[in-house]
Every structure is written in structure tokens, then in C-alpha cells.
Trainee: 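Quick one: structure below, then a few questions.
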Protein chains: 2
Amino acid sequence: MNTSETPSFERHDHERCIHSTVGRVAAACAERGLQLTPVRKRVLELLLDQHKALGAYELLDALRADGLGSQPPAVYRALEFLVGNGFAHKIERLNAFVACCIDETQHSPAFLICRGCNAIAEAESDGLKTAIEDTASACGFVVEQRVVEIEGLCPQCAIAQ
Amino acid sequence: MNTSETPSFERHDHERCIHSTVGRVAAACAERGLQLTPVRKRVLELLLDQHKALGAYELLDALRADGLGSQPPAVYRALEFLVGNGFAHKIERLNAFVACCIDETQHSPAFLICRGCNAIAEAESDGLKTAIEDTASACGFVVEQRVVEIEGLCPQCAIAQ
DNA sequence: AATAGAACGATATACTATACCGCACCTATG
DNA sequence: CATAGGTGCGGTATAGTATATCGTTCTATT
Ligand SMILES: [Zn+2]
Ligand SMILES: [Zn+2]
Ligand SMILES: [Zn+2]
Ligand SMILES: [Zn+2]
């Protein structure tokens, strides 16, 4: 099975995550005629700060501190842009949002959510997609969107119990 | 792959769904020392009325009409009981709830959500569980809870476009 | 400069969920 | 019988999440 993952759970050069993702998003916006405005860019940076999900109102507090917006619609508009264009994801289970760290447009990965440290990793798995497709088509169901959110313990937290 | 599903998308004797599920839940409560109180039973019946998800406040409106409760905690307490004991499920994507139609305690199925008619089916698939387990263990992740919600079109709605 | 569309500020409101207190009821247990 | 503990529930209040709407401002294009 072809499974690729972001290294969210392992020690890694996270500055590189941040810079490469911001750069990638900026390039994608330029190419696709999208505007990466200050508010949108700041929300992306806030989400990238850690591999954790942030609620809309946590983001809003941070925007307020930066003088970039003070009311809920400001952050929800930015999130709509980021999620709609595949630069961030909503974690339904948490009503919260994470930056997308995978260089692949409009994908729909599985999320691994650690209840110990709250870190979140995206996993793109062909086997999982196939299994979903098979499960659905066994019922004659046509898949359009998938939500796969797996809660548990990341390697470090599993060792620490 | 072993896939079992509820017949939610097919024409079926739904009265039978209702009665057998209510009976099964009542028996399980008796056996496990749980109280299927009037409020809890009524919420279960409301959820069973159709294979669709209902929001907490829709349920609350119905409870009000029956004189069985008038404030949010009434319905949330009943839902906590039903979900906690495996008699109903929360659909995270919809912030709504469905009755469980599968006779298996404390399972965690995939949900097929039709955007055409809003019907929801549960699918228990070993292949899917295995794929999730494989995806997680490839990252050293220990699975505790799974959310799998598949949106799309049921057979009827797919034909009707 | 004029125009159209996108983004934003601001207000208001809708929708979802929980904390907390106290009472009623039941059932041990002394 | 008295009492203590558990469970369910009514009620109040509040917390948390998300959207509708309108008018203005910004930006790209003509
Ligand atoms: Zn990183
Ligand atoms: Zn992603
Ligand atoms: Zn049925
Ligand atoms: Zn349908």
C-alpha cells in the first residue's frame, strides 16, 4: 500500500515546513490568480506555527493582536479561502483547522490526531482510498467527499503512555 | 472484503427497522442495567423515524411538542446516553445524530451520507478498518477512535443525477 | 478616470454545546 | 426508620462555533 505522511510526529526542521509551505502557497496563488492577502497569509502562518489544529476564535484572537481583523467574519473568510483552495483543512471532530503540508492540490487525506500532544498528521493512503471506494460502491454509493479522522496516540505519546 | 450495510438506501420495511431497534435497545438496557427513560426512548424513536441525521435542536423541538423537555440539556443528556452506549451515532460533518441500526455493541462504522436525499447508511467494513489500521501503524500511530464519513450520492439520487 | 469584481469592516443573529445548581426518586446500608 | 449515595432531570445561564447582510474599500482592467 502506498502511504505517504507528513513528519508531524517526528522531530523535524519545522522552520522549513513553514517557509516551504508559505512559499508553495504564494506560488500557487500567483499561478492561479488568487490573492494571498495579509489576513489570509497571517491565518496560514498561524496555522503553520505548529502541527496542531486551531479554532476559529483562537485565530481571531491572534488577528486582533495583530490589528488584522476583529470580528468573526474576518477569520471565517480567510479560512474559507484557505480550505476552499486546499491550503488548509477543517478537522470536523475538533471544529478546528490545520494548515495543509502536502504539495498536492485539492486532496482529501486521512488525519491522525494525537490526544496526547494534540499534534495532527496528514496521511495520504491509496489503500485507504480504495477501501472507501470499495465500501461505498458495494452499496451503490457514489463518493464525492471523504472525512477520515483517526484519534489516538502518536509514537512519542504512545511510549510515554 | 467483508462489508455489511444497513438497507437505508433501499426500499425496505422501515417499521421493522424501528420496532426491532427499539426492542433491541430495550433488551440491551435491561441486560446492562441501563435506564431507557421516556426522554431517551423518545429521542431514539425520533432518530429512528427516518434514516436521516437530526440536529439536537430539531430533536428538542419535538421533545417540547411532547412535553418531554424544553431546554437544551434535556436533549443533550439523552444523546449522551444514546451515543455513549452505542445506540446512536454523531455525524461530525453535520453536527447531527442518527440512530444506530446495527446489532453490534460499541462499533464504529463508516457513514454514507447522501447529499441528495440526506439519507445516511452505516457500513461496517473490515477492509476499511484494516486500511485505517495500516495507514496509522505506518506512522507508528495507535488508533483509538475513528471517524469515517463519506459524502456523495445514494443509488437512487445518483440515477436521478 | 471609469468600471466590475473581490475583499473587507461592522453589526447582528443563528446555531451548537456545556457548566452548574438543586430537587425528586430509588436503593442500599446502618 | 434514618441516612447517604447514585442517577436522572428541570431550569438558568453561558460558552463556543458559524453565517447573513450591507455598505465601503481595494484591485485589476478597460
Ligand atoms: Zn513541521
Ligand atoms: Zn493537506
Ligand atoms: Zn429503515
Ligand atoms: Zn439519496
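Chain naming here is simple, since letters A, B, ... match the order of the sequence lines and numbering starts at 1 in each.
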Trainee: How are the rings of B:Y57 and B:Y76 set relative to one another: parallel (under 30°), tilted (30 to 60°) or perpendicular (over 60°)?
Mentor: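 B:Y57 vs B:Y76 ring planes: perpendicular.
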Trainee: Contact list please: residues 71-91 of chain A against DNA chain D, heavy atoms, distance less than 4.0 Å, in numerical order.
Mentor: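 When residues 71-91 of chain A is checked for heavy atoms under 4.0 Å from DNA chain D, the hits, listed by number, are A:P72, A:P73, A:Y76, A:K90.
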Trainee: Check whether any side-chain heavy atom of B:H107 lies under 4.5 Å from a side-chain heavy atom of B:C100, and answer yes or no.
Mentor: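 Side-chain contact under 4.5 Å: yes.
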Trainee: Whole angstroms only, please: what is the CZ-P distance between B:R93 and D:dA18?
Mentor: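 These atoms are roughly 12 Å apart.
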Trainee: In this structure, how many angstroms lie between the P atom of C:dA17 and the CD atom of B:E58, rounded?
Mentor: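 My rounded result for the distance is 12 Å.
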Trainee: A:L60 has an atom CG; how far is it from atom C1' of C:dA10, in whole Å?
Mentor: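 Distance check: A:L60 CG to C:dA10 C1' gives 13 Å.
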Trainee: Starting at CG of B:L34 and ending at P of D:dT7, how long is that distance when rounded to a whole Å?
Mentor: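 Rounded to the whole Å, the gap is 11 Å.
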Trainee: Between B:L68 and A:A56, who's closer to the 5' end of DNA chain D by nearest nucleotide?
Mentor: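 First, find each residue's nearest nucleotide; the 5'-ward one identifies B:L68.
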Trainee: When the distance from CG of A:L36 to P of C:dC8 is rounded to whole Å, what number comes out?
Mentor: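 In whole Å, C:dC8 P lies 10 Å from A:L36 CG.
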Trainee: Can you tell me how far P of C:dA17 sits from CG of B:L59, to the nearest Å?
Mentor: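 Going from B:L59 (CG) to C:dA17 (P), I get 11 Å.
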Trainee: Whether B:N95 contacts C:dA17 is assessed here as follows: a side-chain N or O lying under 4.0 Å from the phosphate OP1 or OP2. Is that the case?
Mentor: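 It does, given that an N or O in the side chain of B:N95 lies less than 4.0 Å from OP1 or OP2 of C:dA17.
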Trainee: Scan for side-chain hydrogen bond (donor to acceptor under 3.5 Å, both in side chains) pairs involving residues 11-30 of chain A, sequence neighbours excluded, and state none if there are none.
Mentor: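 The answer is A:H12-A:H14, A:H12-A:H51, A:H14-A:H51.
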Trainee: Report the distance from atom CZ of B:R42 to atom P of D:dC9, rounded to the nearest whole Å.
Mentor: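 Rounded to whole Å, this separation is 15 Å.
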Trainee: Just compare C:dC8, D:dT7, C:dA6 and give me whichever is closest to any side-chain atom of A:T37.
Mentor: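 Out of C:dC8, D:dT7, C:dA6, the nucleotide with an atom closest to A:T37's side chain is C:dC8.
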Trainee: Taking the side chain of B:Y57 as heavy atoms from C-beta outward, which of D:dT17, C:dT16, D:dC9 is closest to it?
Mentor: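 The closest nucleotide is C:dT16.
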Trainee: Under 4.0 Å between a side-chain nitrogen and a carboxylate oxygen: does that hold for B:R77 and B:E80?
Mentor: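 Between B:E80 and B:R77 there is no salt bridge, as every charged N stays at least 4.0 Å from the carboxylate O atoms.
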Trainee: Can you tell me if the side-chain N/O atoms of B:S70 get under 4.0 Å from OP1 or OP2 in D:dG10?
Mentor: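 The answer is no; no side-chain N or O of B:S70 sits under 4.0 Å from OP1 or OP2.
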Trainee: Check whether any side-chain heavy atom of B:I102 lies under 4.5 Å from a side-chain heavy atom of B:E124, and answer yes or no.
Mentor: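 Yes, side chains in contact.
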Trainee: My understanding is that only one of B:L94, B:I150, B:V98 makes a side chain to side chain contact (heavy atoms under 4.5 Å, CB included) with B:I113; could you say which?
Mentor: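 The option that passes is B:L94.
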Trainee: Quick check, are the ring centers of B:H89 and B:F97 under 6.0 angstrom apart?
Mentor: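 Between B:F97 and B:H89, which both carry aromatic rings, the centre distance is not below 6.0 Å.
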Trainee: Whole Å only: how far is the CG atom of B:L63 from the C1' atom of D:dG10?
Mentor: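 To the nearest whole Å, that distance equals 13 Å.
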